[in-house]
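For reference, the structure discussed in these notes is given below.
Predicted, not measured: the structure shown is a model, and the values here were computed from it. Whatever order the structure lists them in is the order used to number ligands and atoms, beginning at 1. Computed from heavy atoms alone, side chains included, the values below leave out hydrogens, waters and symmetry copies.
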Amino acid sequence: MKKYLLAVTLLLGSASPLLHAADPEDAVAFRQGVFRAMGWNFGPMGAMIQGRKPFDAEAFAQGAERVALLASMAPEGFVEGTGIQDGFDTRLRDEYWYQQDHFNKLMTQMIEKAEDFSRQVGEGKDREALRPAFGQLAKSCKSCHDEYRARD
Ligand code: ASC
């Protein structure tokens with residue numbers, strides 16, 4: 001856990017991709033793709049938690065792992081030159097550009113909650129027992145959308 005937190009801190013601290021300098025166009029496509037993939041996995045899990053879909057433990061565990069991994073990548077897509085002001089079709093609100101500390105705090109919380117959720121799923125908890133951690137993670141997603149995502 002400590003090692004993991006250190007990695008998150010380093011990543012957010014550098015606010016740039018680990019392995020290469022991002023082309024702004026690639027960065028926008030990357031972050032939108034990461035969030036799209038998170039929703040792809042998270043949506044059916046919500047349906048299972050809410051009982052709109054039968055609970056499939058294997059699919060659920062796979063989804064939780066994927067969401068945690070994707071969450072850890074999301075910050076990399078937020079780099080200079082990728083806003084509406086730079087000509088990109090993005091829902092990233094202007095507030096992001098002068099509230100990056102707060103944004104990074106919300107992002108770190110989301111990553112931690114995704115990790116915690118995935119860990120609890122890995123422990124083999126059932127649907128009822130997983131509900132709180134799932135709710136915490138969904139709330140964390142929403143708090144950032146409320147503040148930094150436009151045109152909901
Ligand atoms: C999803 C999804 C989100 C979050 C959010 C949680 O399934 O695509 O963006 O959950 O709606 O409040």
Quiz item: How long is the gap from OG1 on T90 to CZ on R149, to the nearest 0.5 Å?
Solution: 11.0 Å
Quiz item: What heavy-atom pair brings M38 and L70 nearest, and what distance separates the two atoms?
Solution: CG-CB, 3.5 Å
Quiz prompt | Inter-residue atom distance F30.CZ - M73.CE, 0.5 Å rounding | solution = 6.5 Å
Exercise. For the pair K142 and D146, find out whether any cationic side-chain nitrogen is under 4.0 Å from an anionic carboxylate oxygen.
Key: yes
Self-check item: Close residues, ligand 1: non-hydrogen atom nearer than 4.0 Å
Solution: G39, F42, G43, A138, K142, H145
Exercise. Take E115 and R119, measure what salt bridge (Lys or Arg N to Asp or Glu O under 4.0 Å) needs, and give me the verdict at the end.
Key: CA-CA 6 Å; E115 186 68 22; R119 186 181 47 74; over 6 Å; no
Self-check item: Flag if over 12 foreign heavy atoms under 6.0 Å of CD, E58
Solution: no
